[in-house]
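Counting starts at 1 for both ligands and their atoms, following the listed order. These numbers were taken from a predicted model, which means no experiment stands behind them.
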Amino acid sequence: MTEHQQFPKLIDRYGRQVTYVRMSITDRCDFRCVYCMDEEMTFMPRQQLLTLEEIVFVLKAFAELGVEKIRITGGEPLVRHNVSWLFSEVGKLKATTGLRELTVTSNGSQLAKYANDMVEAGVDRINISLDSLKADRFKEMTRIGDLNTVLSGIESAKQAGFKRIKLNAVIMKGRNEDEIVDLARFAVEHDIDISYIEEMPLGNVTHQRHESYCSSDEVLATLKNHFQLETSTTNTGGPSRYYQVIGTNSKIGFISPHSHNFCESCNRVRVTTEGRLLLCLGQEHSVDLREIVRKYPGDVNKLKQAMVDSMQIKPKGHDFNLQEQPIIFRHMSVTGG
Ligand code: SAM
Ligand code: SF4
């Protein structure tokens, strides 16, 4: 047993405190969404992934350094073997550390099976990706996914009693921009929230990103023709800007890395499937946490020191450019969206 040292909070050179960690627990997925993956993907050998025990060890250290919110993502997190055990171990950190919120991002395909376990384990909120309500288009955009399975997954999530459910929709010109309003209506009818995401140039895909790019401002303008929207002060700890749909319980959010740079207030870091601590989604600055965890097993002080030191290399901001592609060779599934 190592003695527990005192460490400062995670504050970077620009005075931003890191209170939010996104952890990708697998690069594998049962879908191949066109904006996220290639049709043919080579996934990492399993021994390169952090084990579930290592993931819990890393997340506990973060929570003890002042992280208040953890998002488990992937790839598709629910395809990782024994994921329910992971949720319950991380859920327990809410009782022993300053962790306040445990959230998950999922494509919804396995929710009918896992939603109840997740709520029981302490998962507070869930984001479910939904880019189309048309079965054939849904299949085209995900290359594999079945719309009805995901709709049942959303229903299971509602029944299970998460504190909040939010849909995520990536809007692409020529693909699904004609469904902007229908997706919002679906969210309102189901009493849930929805965020529209601008496509990010992460990893090589088969289309030209700048041709499919649809700005949040265009999406917002379309929505304003159909809904009464009021700027909301809600801040979920992420980069979304929110609007309340007047007369409903639903909020509409926008994640706009291109048109509205959110770096100034960045409070987050990511851990990749291989245990690389990424200090910015759009840059390569990173620290290999897996190396530390495997070289000094059980030594939480070594790990925490590396986390505190990493604050010195957190970049000021990202630098996405749709005309050059890709600037970052990692797919979103490795980084954790
Ligand atoms: N598989 C889960 C899912 O789809 O929700 C979790 C991982 S996925 C990488 C997380 C989010 O990232 C999803 O909402 C997805 O739509 C989004 N995403 C993936 N690739 C993206 C890209 N290149 N640009 C913008 N969003 C992307
Ligand atoms: Fe899988 Fe999510 Fe990427 Fe789609 S966005 S391929 S569901 S990881």
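One finds no salt bridge joining K139 and D136 here, because no Lys/Arg side-chain nitrogen approaches an Asp/Glu carboxylate oxygen to under 4.0 Å. Salt-bridge annotation for R100 and E68: present, with a side-chain N of the basic residue lying under 4.0 Å from a carboxylate O of the acidic one. Classification of R175 and D131 as a salt-bridged pair fails, no side-chain N sitting under 4.0 Å from a carboxylate O. Residues E140 and R137 are not paired through a salt bridge, judged by the lack of any N-O separation under 4.0 Å between the basic side chain and the carboxylate.
Ligand 1 places these atoms under 4.0 Å from at least one heavy atom of C36: 19 (C), 20 (N). For ligand 1, the atoms sitting less than 4.0 Å from at least one non-hydrogen atom of I197 are 14 (O), 25 (C), 26 (N), numbered in the order shown with element in parentheses. For ligand 1, the atoms sitting less than 4.0 Å from at least one non-hydrogen atom of V170 are 16 (O), 26 (N), numbered in the order shown with element in parentheses. Under a 4.0 Å criterion applied to the non-hydrogen atoms of M200, ligand 1 contributes the atoms 22 (C), 23 (N), 24 (N), 25 (C). With ligand atoms numbered from 1 in the order given, ligand 1 contributes 14 (O) to contacts under 4.0 Å with heavy atoms of N168. Taking every non-hydrogen atom of E198 and a distance limit under 4.0 Å, the qualifying atoms of ligand 1 come out as 25 (C).
Across the listed options S106, C36, G145, C36 owns the non-hydrogen atom lying nearest to atom 3 (Fe) of ligand 2. Atom 2 (Fe) of ligand 2 has its nearest heavy-atom neighbour, among P77, S109, C29, in C29.
Considering backbone and side-chain N/O atoms, G75 comes within less than 3.5 Å of an N/O atom of ligand 1. Residue T73 places no N or O, backbone or side chain, under 3.5 Å from any N or O of ligand 1. Between S106 and ligand 1, an N or O atom pair is found at a separation short of 3.5 Å. Polar contact check, G74 against ligand 1: no nitrogen or oxygen pair lies under 3.5 Å apart. Below 3.5 Å of separation, one finds no N or O of E199 facing any N or O of ligand 1. For ligand 1, none of its N or O atoms has an N or O atom of N127 under 3.5 Å away.
Residue M37 places no heavy atom under 4.0 Å from ligand 1. Contact analysis puts G75 in contact with ligand 2, with a non-hydrogen atom separation below 4.0 angstrom.
Taking 4.5 Å as the limit, every side-chain heavy atom of P8 sits out of range of all side-chain heavy atoms of M311.
No side-chain donor from either of S109 and E76 sits under 3.5 Å from a side-chain acceptor of the other. Side chains of K166 and S195: a donor-acceptor N/O pair is present below 3.5 angstrom, by distance only. A donor and an acceptor atom, one from each side chain of D309 and Q305, are located under 3.5 Å apart.
Shown here are the side-chain hydrogen bond (donor to acceptor under 3.5 Å, both in side chains) partners of N127, two or more places apart in sequence or in another chain: there are none. By the side-chain hydrogen bond (donor to acceptor under 3.5 Å, both in side chains) test, S232 pairs with T234, sequence neighbours left out.
None of the N, O or S atoms belonging to C33 lies under 2.8 Å away from atom 3 (Fe) of ligand 2.
A salt bridge (charged side-chain N to carboxylate O under 4.0 Å, His left out) with E54 holds for exactly one of R290, R294, K60; it is R294.
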